[in-house]
Protein chains: 2
Amino acid sequence: MGKPSDLLQGTLDLLILKTIGLEPMHGWAIAKRIQQISNEVLQVQQGSLYPALHRLEQQGWIKAKWAESDTGRQAKFYSLTAAGRAQLTKEQESWSRLSAAVNLVVEGA
Amino acid sequence: MGKPSDLLQGTLDLLILKTIGLEPMHGWAIAKRIQQISNEVLQVQQGSLYPALHRLEQQGWIKAKWAESDTGRQAKFYSLTAAGRAQLTKEQESWSRLSAAVNLVVEGA
DNA sequence: TTCCCATACCTTGATTATCTACACAACCAT
DNA sequence: ATGGTTGTGTAGATAATCAAGGTATGGGAA
């Protein structure tokens with residue numbers, strides 16, 4: 001029924017890749033950052049976030065390294081690989097194409 | 001993996017509601033119309049289309065009536081109900097909100 | 001008449017993303 | 001000690017979409 005829908009399905013990978021493309025970041029911070037930049041519109045649940053990170057890492061698009069967060073704790077910092085940068089470009093293009101197409105229909109050009 | 005992705009997940013209901021909001025149409029024509037208006041970018045598979053139509057009908061947003069298509073055959077023409085018009089507005093707003101939010105992140109405003 | 005293609009409806013099964021709801025742990029402030 | 005924040009993770013359910021099939025009618029070509 002109503003899923004209030006915290007995200008647009010299929011865009012999470014793009015959001016993550018874009019976010020850590022700007023600067024390496026740990027999972028918790030990625031979620032916060034996406035939420036903040038989107039003016040609290042996009043809410044990334046942990047049950048979506050961590051599986052997505054593992055998925056992306058397994059596909060070789062991001063890699064993790066343990067380091068100290070700015071609160072002084074250990075956290076897993078993710079950064080883009082070369083393949084990840086390529087994938088980001090692909091996903092950006094795909095998003096542009098598809099969202100523009102939806103807008104064509106919605107706006108009844 | 002690569003899903004070439006014919007649709008943005010979660011937008012199909014919106015696309016259908018918008019399409020038959022302009023004029024009542026049968027399923028086959030709805031798919032063709034969406035495809036055409038989107039410049040062939042959005043491809044609505046029948047395995048997505050018909051379940052979606054039944055879902056929307058069951059929720060009272062659209063209603064069906066058998067009539068003759070412009071090729072002279074019997075076809076199920078769908079039109080919006082009052083609730084469907086309200087739902088269309090809701091989904092349009094939701095799409096605007098969410099797609100704008102994604103763009104904020106992607107464009108790194 | 002036979003055969004193929006377009007139209008038009010549908011279903012079944014699998015895949016996959018996401019969400020809800022947990023559990024664990026360290027740290028900090030009260 | 002208690003609770004809130006940070007930070008990681010998993011398990012189970014839900015739901016949308018896709019791939020691949022099936023049925024039927026009608027038209028045109030061979």
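Order of the sequence lines fixes the chain letters, A, B, ..., with proteins taken first and strands second; residue numbering starts at 1 for each chain. Scope of the values below: all heavy atoms of this structure, side chains included, with no hydrogens, waters or symmetry mates.
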Next item on the list: In whole angstrom, give the distance that lies between atom NZ of B:K76 and atom P of C:dC9.
Entry: 8 Å
Next item on the list: Measure from the side chain of A:D6, starting at C-beta and using heavy atoms only, and say which of D:dT10, C:dC9, C:dT20 lies closest.
Entry: C:dT20
Check: Of all the nucleotides listed (C:dC19, C:dT18, D:dA16), which has the minimum atom distance to the side chain of A:Q9?
Finding: C:dT18
Next item on the list: Kindly indicate whether the side chain of A:L49, heavy atoms from C-beta on, has any atom under 4.5 Å from the side chain of A:W28.
Entry: no
Checklist line | For DNA chain D, the residues among residues 11-29 of chain B that have a non-hydrogen atom under 4.0 Å from it | finding: B:T11, B:L12
Next item on the list: In whole angstrom, give the distance that lies between atom CG of A:L7 and atom C1' of C:dT20.
Entry: 14 Å
Margin query: side-chain contact (heavy atoms from CB on, under 4.5 Å) for B:L88 and B:K18? Distances and angles first, verdict last.
Written below: CA-CA 7 Å; B:L88 171 54; B:K18 175 68 184 183; 4.1 Å; yes
Check: Could you give the CD-to-P distance, from A:Q45 to D:dA11, as a whole number of Å?
Finding: 19 Å
Notebook entry, point to check: Do A:R73 and C:dA26 have a side chain to base donor-acceptor pair shorter than 3.5 Å?
Noted result: yes
Check: If you take atom types as modelled and just measure distance, does the side chain of B:Q46 reach the base of C:dC9 with a donor-acceptor pair under 3.5 Å?
Finding: yes
Check: Any side-chain N or O of A:R55 less than 4.0 Å from the OP1 or OP2 oxygen of C:dT18?
Finding: yes
Margin query: In this structure, would A:F77 and A:Y50 fall into the same cluster of hydrophobic residues linked by side-chain contacts under 4.5 Å?
Written below: no
Note to self: What is the separation between atom OH on B:Y50 and atom P on D:dA19, rounded to the nearest whole Å?
What the structure shows: 17 Å
Notebook entry, point to check: For B:H54 and C:dC9, is the shortest distance between a side-chain N/O and OP1 or OP2 below 4.0 Å?
Noted result: no
Margin query: Is B:T71 close enough to C:dA8 that one of its side-chain N or O atoms is under 4.0 Å from OP1 or OP2 there?
Written below: yes
Next item on the list: Could you list by number each residue of residues 62-70 of chain A showing a heavy-atom separation from DNA chain D of less than 4.0 Å, or answer none if no residue does?
Entry: A:S69
Next item on the list: Answer with yes or no whether the side chains of A:E91 and A:Q87 bring together a donor and an acceptor at under 3.5 Å.
Entry: yes
Margin query: Let me spell it out: for each of A:S48 and A:G72, pick the nucleotide of DNA chain C with the closest heavy atom. Which residue's pick is nearer the 5' end?
Written below: A:S48
Notebook entry, point to check: Can you check whether A:T89 reaches A:R85 side chain to side chain, under 4.5 Å on heavy atoms?
Noted result: no
Note to self: Whole angstroms only, please: what is the CG-C1' distance between A:L56 and C:dA17?
What the structure shows: 12 Å
Notebook entry, point to check: Would a 4.5 Å heavy-atom cut-off, applied to side chains only, mark B:V44 and B:D6 as touching?
Noted result: no
Check: Can you check the A:L49 CG to C:dA21 P distance for me, whole Å?
Finding: 18 Å
Item checked: Integer-rounded Å distance: D:dG7 P and A:K32 NZ -> 9 Å
Margin query: Nearest whole Å is fine: how far is C:dT16 P from A:Q58 CD?
Written below: 12 Å
Next item on the list: Taking atom types as modelled, find out whether A:D13 and A:W61 have a side-chain donor-acceptor pair closer than 3.5 angstrom.
Entry: no
Next item on the list: State, with a plain yes or no, whether a side-chain heavy atom of A:R33 is found less than 4.5 Å away from one of A:E23.
Entry: yes
